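Computed over heavy atoms, backbone and side chain alike; hydrogens, waters and symmetry mates excluded. This structure is a prediction, so every number in the text was calculated from the model and none was measured.
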Amino acid sequence: MRVLVTGGAGFIGFYTIKKLLQKGYQVIGLDNVNDYYSTQLKFDRLKELGILKSDAQKFNNKVYSETFSNFTFIRLNLEDKNSLDHLFEEEAINVVCHLGAQAGVRYSIENPKTYIESNINGFFNVLECCRNFNINHLVYASSSSVYGLNKEVPFKTSDNVDFPISLYAATKKSNELMAYTYSHLYNFKTTGLRFFTVYGPWGRPDMAMFLFTQNIIKNKTIRVFNNGKMERDFTYIDDIVEGVIRIIENTKKERVNYKVYNIGHGKPVKLLDFISTIETKLNKKAIKEFLPNQPGDVTRTWADVSDLVRDYGHEPKISITDGVASFINWYKKYYKT
């Protein structure tokens with residue numbers, strides 16, 4: 001099987017590629033390596049996959065891994081339809097794992113145009129390539145943010161998600177609708193994955209795990225929104241990727257063409273308990289600034305993962321204590337702290 005993974009220099013994309021390579025699949029990674037957060041962190045992830053920064057910096061340049069003979073990488077914008085068409089035409093791709101998107105709830109409030117270009121136009125281009133080049137299965141990233149201010153918990157994929165409270169969430173809801181239409185009209189399989197607060201080593205610097213750890217170590221204040229009265233279904237990266245891989249590998253499984261799954265831990269954690277776990281692992285108290293809720297933020301997330309357990313036998317297991325410890329060990333090593 002030849003798998004195209006978009007967002008290949010991103011957090012989840014990097015881990016997904018690594019796991020696929022270890023299992024022997026032929027993988028093509030794609031990413032535009034934008035500067036939403038540190039490009040050095042993205043290039044360092046690629047370095048772990050055997051891709052040199054000097055080669056990965058060039059756009060539309062196919063780069064071969066020095067570590068994995070079954071991996072190639074190309075730096076490309078999803079909005080560049082001609083280059084994307086050329087890539088699909090050149091590579092005999094069987095499955096597309098589309099993880100490339102402009103991330104971030106708060107950033108979408110300040111920079112909405114970026115989300116339309118990447119998450120709507122870019123996703124449309126991926127769908128068109130899947131249709132025109134006979135792709136067997138499109139697995140794509142959605143988000144728990146689509147649930148908006150849903151008060152019924154845990155969140156079920158059957159819940160109404162017509163009221164997103166950020167443009168980021170709206171683009172992810174749009175992706176699900178677009179995927180449904182393409183599955184219906186052109187008869188190919190699409191599976192959407194609603195990720196719940198992913199964290200772990202090599203994580204994004206704009207996420208709570210990273211920001212809290214960094215500021216506590218540097219004796220800086222951490223901002224605690226909604227006065228700490230928040231809960232998140234924190235899900236460790238290995239649990240996320242295991243679910244993604246199982247869905248990719250079961251491409252030929254008989255089922256309806258269109259499906260959406262939650263991928264979360266299924267056990268929400270109070271924000272203050274999460275911070276306390278970080279403090280314990282660092283053996284250091286945080287300096288907290290309690291603030292009101294931010295626009296676009298939800299108070300609680302909680303995934304019902306029963307569909308994923310039923311269809312793929314996957315249930316996330318890594319505890320918040322073990323997950324936080326792994327992240328902090330990586331952070332100290334990476335930043336030589």
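- At a threshold of 4.5 Å between non-hydrogen side-chain atoms, the residues V260 and T191 do not count as touching.
- Connection of F225 to I165 is not established within any shared hydrophobic cluster, with ILVMFWY side chains joined at heavy-atom distances below 4.5 Å, either directly or through further cluster members.
- Counting only N and O atoms by type, the side chains of K284 and N219 include a donor and acceptor under 3.5 Å apart.
- Listed by chain and residue number, F133 satisfy the side-chain contact (heavy atoms from CB on, under 4.5 Å) test with E89 (two or more places apart in sequence, or in another chain).
- Annotation: side-chain contact (heavy atoms from CB on, under 4.5 Å) contacts of N187 (sequence neighbours excluded): N257.
- Not a single donor-acceptor pair under 3.5 Å links the side chain of D80 to the backbone N or O of L76.
- In this structure, CD1 on I248 lies 6.5 Å from OG1 on T16, to the nearest 0.5 angstrom.
- Ion pair K285/E279 flagged as a salt bridge, since at least one NZ, NE, NH1 or NH2 atom sits closer than 4.0 Å to an Asp/Glu carboxylate oxygen.
- Between F212 and F274, the two ring planes are tilted [angle within 30° to 60°].
- Side-chain N/O atoms of S142 and E176 include a donor and acceptor closer than 3.5 Å.
- Both Y331 and Y334 are members of a single hydrophobic cluster when ILVMFWY side chains are connected at heavy-atom separations under 4.5 Å.
- A 4.5 Å side-chain heavy-atom check between V63 and L52 finds every atom pair outside the cut-off.
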Could you give me the CA-CA distance, side-chain angles and deciding distance for V96 and H137, then say whether side-chain contact (heavy atoms from CB on, under 4.5 Å) is met?
CA-CA 6 Å; V96 174; H137 191 188; over 6 Å; no

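- In this structure, the salt bridge (charged side-chain N to carboxylate O under 4.0 Å, His left out) partners of K23, at least two apart in sequence or on a different chain, are E249.
- Between R300 and D233 no salt bridge is recorded (no basic side-chain N to carboxylate O distance below 4.0 Å).
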Evaluate salt bridge (Lys or Arg N to Asp or Glu O under 4.0 Å) for K19 paired with D238, printing each intermediate quantity in order.
CA-CA 10 Å; K19 187 75 170 177; D238 289 0; over 6 Å; no

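- Side chain to side chain, H98 and T6 meet the donor-acceptor criterion of an N or O pair below 3.5 Å.
- By the salt bridge (charged side-chain N to carboxylate O under 4.0 Å, His left out) test, D307 is found to be paired with R310, residues two or more places apart in sequence or in another chain being considered.
- Electrostatic pairing of K113 and E117 counts as a salt bridge here, judged by a charged N lying under 4.0 Å from a carboxylate O.
- In terms of modelled atom types and a separation under 3.5 Å, the side chain of D31 and the main chain of V33 share a donor-acceptor contact.
- Residues V3 and V5 are in side-chain contact: their nearest non-hydrogen atoms beyond the backbone lie under 4.5 Å apart.
- In terms of the salt bridge (charged side-chain N to carboxylate O under 4.0 Å, His left out) criterion, D35 has no residue partners (sequence neighbours excluded).
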Name each donor-acceptor pair under 3.5 Å that joins a side chain in residues 202-209 to protein atoms two or more places apart or in another chain, with its distance.
unit_1, atom_1, unit_2, atom_2, d
R204, NE, D206, OD1, 2.8
R204, NH2, D206, OD1, 3.3
R204, NH2, D206, OD2, 2.7
D206, OD2, Y36, OH, 2.5

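- Note that the NZ atom of K270 and the CD1 atom of I275 stand 13.5 Å from one another [nearest 0.5 Å].
- Side chains of T190 and S183: a donor-acceptor N/O pair is present below 3.5 angstrom, by distance only.
- Interatomic distance, CG of N262 versus NZ of K156, reported as 10.0 Å (0.5 Å rounding).
- With contacts defined as side-chain heavy-atom distances shorter than 4.5 Å, the pair R2/I28 qualifies.
- Under the 4.5 Å side-chain heavy-atom criterion for grouping Ile, Leu, Val, Met, Phe, Trp and Tyr, Y312 is connected to V198 within one hydrophobic cluster.
- Side chain of T235 to backbone of H265: a donor-acceptor contact under 3.5 angstrom is found.
- For residues 219-228, there are no salt bridge (charged side-chain N to carboxylate O under 4.0 Å, His left out) pairs, not counting sequence neighbours.
- One N or O on the side chain of R75 and one on the backbone of N32 form a donor-acceptor pair closer than 3.5 Å.
- Side-chain contacts under 4.5 Å among hydrophobic residues (ILVMFWY), followed directly or transitively, place V146 together with Y147, V153, F155, V161, F196, W302.
- Figure legend: cation-pi geometry between K47 and F43 absent, as NZ or CZ is not positioned both under 6.0 Å from the six-membered ring centre and within 45° of its axis.
- Using bins of under 30°, 30° to 60° and over 60° for the plane-to-plane angle, the ring pair Y107/Y115 lands in the tilted bin.
- Considering CG of N111 and OH of Y168, their distance stands at 15.0 Å, rounded to 0.5 Å.
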What verdict does the side-chain contact (heavy atoms from CB on, under 4.5 Å) test give for L291 and N227, after you've listed the backbone C-alpha separation in whole Å, the side-chain angles of each residue and the deciding distance to 0.1 Å?
CA-CA 5 Å; L291 298 166; N227 295 305; 5.9 Å; no

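- Follow the hydrophobic side-chain contacts under 4.5 Å out from V305 and you never reach V139; the two are in separate clusters.
- For Q294, the CD atom counts as densely surrounded, since its 6.0 Å shell holds more than 12 non-hydrogen atoms of other residues, nucleotides or ligands.
- Looking at heavy atoms from C-beta onward, D297 lies out of side-chain contact with N226 at the 4.5 angstrom threshold.
- Using modelled atom types and a 3.5 Å distance limit, the side chains of Y182 and E128 yield a donor-acceptor pair.
- Note that CD of E79 and OG1 of T114 are 9.0 Å apart. Values are rounded to the nearest 0.5 Å.
- Residue pairs satisfying the salt bridge (charged side-chain N to carboxylate O under 4.0 Å, His left out) criterion with at least one member in residues 316-335, sequence neighbours excluded, are absent.
- The salt bridge (charged side-chain N to carboxylate O under 4.0 Å, His left out) test applied to R232 returns no partner, not counting sequence neighbours.
- I17 and M1 fall within a single hydrophobic cluster, where Ile, Leu, Val, Met, Phe, Trp and Tyr are joined by side-chain heavy atoms under 4.5 Å apart, directly or via other members.
- Residues L272 and V224 have side chains in contact (heavy-atom distance under 4.5 Å, counting atoms from C-beta outward).
- Between the side chain of R246 and the main chain of G313, a donor-acceptor pair closer than 3.5 Å is present.
- For T221, the side-chain contact (heavy atoms from CB on, under 4.5 Å) partners two or more places apart in sequence, or in a different chain, are I287, E289.
- Taking the side chain as every heavy atom from C-beta outward, V95 and L4 never approach each other to under 4.5 Å.
- E90 places a side-chain heavy atom less than 4.5 Å from the side chain of K62.
- For the residue pair Y64/D55, the side-chain donor-acceptor check at 3.5 Å is not satisfied.
- Rounding to the nearest 0.5 Å places NZ of K288 at 7.5 Å from CD1 of I216.
- Using bins of under 30°, 30° to 60° and over 60° for the plane-to-plane angle, the ring pair H184/Y180 lands in the parallel bin.
- The hydrophobic side chain of L211 is isolated, with no ILVMFWY side chain under 4.5 Å apart from it.
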Could you check Y236 against F327 for ring-ring contact (aromatic ring centres under 6.0 Å, His included), going step by step and ending with a plain yes or no?
CA-CA 10 Å; Y236 190 68; F327 173 83; 9.5 Å; no

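- Taking the six-membered ring where tryptophan is involved, the planes of Y15 and F11 are perpendicular, since the angle between them exceeds 60° and thus also 30°.
- Cation-pi check for K42 over Y37 is met; the charged atom lies under 6.0 angstrom from the ring centroid and within 45 degrees of its normal.
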